[in-house]
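Input: a single structure, listed below in structure tokens.
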Amino acid sequence: QVQIVESGGGLVQPGGSLRLSCSASGFTFSLYAMSWYRQAPGKERELVAVHTRAGGNTNYADSVKGRFTISRVNAKNTVYLQMNSLKPEDTAVYYCSAVRNGNNYWGQGTQVTVSS
């Protein structure tokens, strides 16, 4: 049974930091590209960061470069998104996804709200 669960969201003031976690099970985690997406109210879902596979490349949306970092710990089947210098425009539901050979798994999302 494939399962992806995001956690770590919450309310934070502008300039603050949060670390999101994505715990995965039910598939060979190290072989999958892992990504973080987000969707703000009234906007389309956008790709935030991707780790192509274990030991692979990382890429970021221009809007988060230098502020967000994606990492993965294969032994724990977990992906993290460290978010620093948060801005109100970062407010969104953040989703974790796993992709390989046409398989695409999604979590239910975790809310991040950046507000004073």
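- The structure places CZ of Phe27 at 4.5 Å from CD1 of Ile4, a figure rounded to the nearest 0.5 Å.
- Taking every heavy atom of both residues into account, Ala92 and Gln111 meet most closely at O-NE2, 3.4 Å.
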Determine, stepwise, if the pair Met83 / Ser17 fulfils side chain to side chain contact (heavy atoms under 4.5 Å, CB included).
-> CA-CA 5 Å; Met83 306 186 295; Ser17 298; over 6 Å; no

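- Atom OG1 of Thr113 and atom CG of Leu86 lie 11.0 Å apart (nearest 0.5 Å).
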Test Leu20 against Gln82 for side chain to side chain contact (heavy atoms under 4.5 Å, CB included), laying out the working first.
-> CA-CA 6 Å; Leu20 306 183; Gln82 179 66 47; over 6 Å; no

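- The CD atom of Glu46 lies 9.5 Å from the CD atom of Gln39; values are rounded to the nearest 0.5 Å.
- In this structure, Arg45 satisfies the cation-pi test against Tyr95, with its NZ or CZ atom closer than 6.0 Å to the six-membered ring centre and inside 45 degrees of the ring normal.
- The nearest pair of heavy atoms linking Ala40 to Thr91 is CB-O, 3.5 Å.
- Geometric assessment of Arg100 against the ring of Phe29 yields a negative cation-pi assignment under the 6.0 Å and 45° thresholds.
- Closest approach of Ser35 and Val50 over heavy atoms only: OG-CG2, 3.0 Å.
- For Ser97 (side chain) and Tyr105 (main-chain N/O), no donor-acceptor pair under 3.5 Å exists by modelled atom type.
- Atom OH of Tyr37 sits about 13.0 Å away from atom CD of Glu6, to the nearest 0.5 Å.
- One hydrophobic cluster, built from ILVMFWY side chains closer than 4.5 Å, cannot hold both Val64 and Tyr80; they sit in different ones.
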Can you list the steps and then say if Tyr94 with Leu81 is a side chain to side chain contact (heavy atoms under 4.5 Å, CB included)?
-> CA-CA 10 Å; Tyr94 284 72; Leu81 184 67; 4.1 Å; yes

Begin with the C-alpha distance, continue with both residues' side-chain angles, and end with the deciding distance and a verdict on side chain to side chain contact (heavy atoms under 4.5 Å, CB included) for Ser115 and Leu11.
-> CA-CA 7 Å; Ser115 176; Leu11 175 64; 4.3 Å; yes

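- Side chain of Thr78 to main chain of Lys76: a donor-acceptor pair is present (N/O by atom type, distance under 3.5 Å, no hydrogens or angles).
- In this model, no donor atom of one side chain and acceptor atom of the other lie less than 3.5 Å apart for Asn57 and Thr52.
- Placement of Leu31 and Met34 within a single hydrophobic cluster is found when ILVMFWY residues are connected by side-chain heavy-atom separations under 4.5 Å, directly or transitively.
- Checking side-chain atoms of Arg38 against main-chain N and O of Val112 turns up no donor-acceptor pair under 3.5 Å.
- A salt bridge does not link Asp90 to Lys87: none of the charged side-chain nitrogens sits closer than 4.0 Å to a carboxylate oxygen.
- Surrounding CZ of Arg67 are more than 12 heavy atoms belonging to other residues, nucleotides or ligands, all under 6.0 Å away.
- Rounding to the nearest 0.5 angstrom, the gap separating the NE2 atom in His51 from the OG1 atom in Thr69 is 11.0 Å.
- Linking Ile, Leu, Val, Met, Phe, Trp and Tyr residues whenever their side-chain heavy atoms come within less than 4.5 Å places Tyr60 and Val79 in a single cluster.
- Residues Arg53 and Ser30 come closest through the heavy atom pair CB-O, 4.1 Å.
- Side-chain contact between Pro88 and Pro14 is present, with heavy atoms from C-beta onward closer than 4.5 Å.
- A pairwise comparison of heavy atoms in Ile70 and Trp36 identifies CD1-CD1, 3.7 Å as the closest pair.
- Atoms OH and CG, from Tyr32 and Asn74 in turn, are 13.5 Å apart once rounded to the nearest 0.5 Å.
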